[in-house]
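Chain naming here is simple, since letters A, B, ... match the order of the sequence lines and numbering starts at 1 in each.
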Amino acid sequence: MSASDPNRGDELACRELVELVTDYLEGALPPAERERFETHLTECPFCTEYVEQMRAVSGSLGSLPEPALPPERREELLSAFRDLFSR
Amino acid sequence: MANGKAQSGGLDDAGLLARLRAGDEDAFATLVERHSPAMLRVASAYVPSRAVAEEVVQETWLAAMRGLDGFEGRSSLRTWLFGILTNLAMKGGAKERRSAPFSALAAAEPDRPAVEPERFLPEDHERWPGHWALPPSRWPTPEEGLLGGEVREVVLAAIEALPAAQRTVIALRDVEGWSAEEVCEALDISAGNQRVLLHRARSTVRAAIERYHGAVERPPASAGVTDRAPGGTKGRGN
């Protein structure tokens with residue numbers, strides 16, 4: 001793997017980085033890893049773009065519609081609630 | 001993010017619960033509206049159809065209503081609700097419902113790299129092992145924002161096509177806006193497990209958007225149809 005390559009040292013490869021993106025965005029990378037990650041970003045516009053894309057994806061989904069119980073089911077529940085509390 | 005439409009929408013769960021115990025129907029309606037979307041999402045991980053998911057959510061509310069006296073408030077209302085929900089989802093009418101806990105559902109799902117390996121230079125490349133061979137291109141920014149028009153449909157389809165556990169986690173985190181801790185608690189999964197599911201889901205959605213924008217050449221060696229002209233960007237990395 002990468003650790004055995006004398007030229008690589010502590011350097012993170014792009015292929016590894018893309019698997020660490022979520023951990024990074026979640027703040028779950030240990031400090032040394034985070035530093036390697038961020039160092040790589042300063043040197044790699046492609047990974048920088050990739051991270052931005054992942055960030056954009058997660059940040060934009062809030063506008064998607066959410067499922068809801070159909071009105072008939074809500075009515076059934078309200079009716080059951082009424083029955084329960086009218087005793 | 002969620003709703004604020006009902007009149008009692010300004011109250012938190014504890015406030016609504018107090019009104020609920022006093023028989024306040026509006027408070028109950030608000031709670032149903034507030035929590036049902038996430039409950040439907042979680043139920044959908046366990047059962048084969050939307051209709052069955054709705055039934056499970058329905059049953060959960062009925063059980064909660066009847067069991068209200070037994071809820072002492074030691075956990076949050078949401079934790080309590082989701083506990084009832086997952087129990088019901090896992091049993092009752094057993095043929096339609098999976099009896100495995102969420103973590104087991106998740107473990108059974110396929111594990112793919114976030115990006116196809118062909119997009120990177122090989123590990124034995126002399127100068128740039130593991131670096132991008134076919135890097136991502138910047139996406140066009142439509143006026144409507146990232147999820148304008150057709151992209152929105154692409155994203156919705158991508159999420160629907162996700163394996164159930166991944167779909168549930170990305171929905172709860174990124175659509176519903178739950179925290180990681182809230183998701184782990186409701187689904188009874190570890191922080192690491194949650195992150196793995198989230199990572200796979202987001203990676204898949206990102207890839208779907210990228211494909212839509214045609215923002216990278218498909219690697220010639222990949223399976224499936226290549227309808228692009230030969231001599232594309234294959235040699236870029238060297």
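- Judged by the 6.0 Å distance and 45° axis criteria, A/Arg73 is not positioned over the aromatic ring of B/Trp61.
- Here B/Gly23 is the residue among B/Ala201, B/Gly23, B/Ala22 with the most heavy-atom pairs under 4.5 Å with chain A.
- Under the rule for a side-chain contact (heavy atoms from CB on, under 4.5 Å), the partners of B/Ser203 that lie at least two apart in sequence or sit in another chain are A/Tyr50, A/Met54, B/Ala114, B/His199.
- Interface check for chain A: of the options B/Met39, B/Arg152, B/Glu25, B/Arg66, the most heavy-atom pairs under 4.5 Å are formed by B/Glu25.
- There is no contact between A/Pro45 and chain B, counting heavy-atom distances below 4.5 Å.
- The greatest number of non-hydrogen atom pairs below 4.5 Å with chain A, out of B/Ile170, B/Leu156, B/Val196, is found for B/Leu156.
- Scanning both residues, B/Cys184 and B/Gln194, for their nearest heavy atoms gives SG-CB, 3.7 Å.
- Heavy atoms closer than 4.5 Å to chain A are found nowhere in B/Arg200, neither backbone nor side chain.
- Contacts between A/Ala56 and chain B at a heavy-atom distance below 4.5 Å involve backbone atoms as well as side-chain atoms.
- Most heavy-atom pairs under 4.5 Å with chain B: of the set A/Leu77, A/Leu25, A/Val18, this distinction falls to A/Leu77.
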Could you please spell out the steps behind the side chain to side chain donor-acceptor pair (under 3.5 Å) verdict for B/Gln58 and B/Glu54? CA-CA 6 Å; B/Gln58 194 87 340; B/Glu54 287 175 7; over 6 Å; no
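- For A/Phe46 and B/Trp128, the ring centers are positioned 6.0 Å apart or more.
- Top candidate by heavy-atom pairs under 4.5 Å with chain B, chosen from A/Gly59, A/Ser63, A/Ser58, is A/Ser58.
- The CZ atom of B/Arg41 lies 9.0 Å from the OG1 atom of B/Thr168; values are rounded to the nearest 0.5 Å.
- Using a 4.0 Å cut-off between charged side-chain N and carboxylate O, B/Arg195 and A/Asp23 make a salt bridge.
- Looking at B/Ile159, only its side chain comes within 4.5 Å of chain A, counting heavy atoms on both sides.
- Looking at A/Glu26, the atoms closer than 4.5 Å to chain B (heavy atoms on both sides) all sit in the side chain, from C-beta outward.
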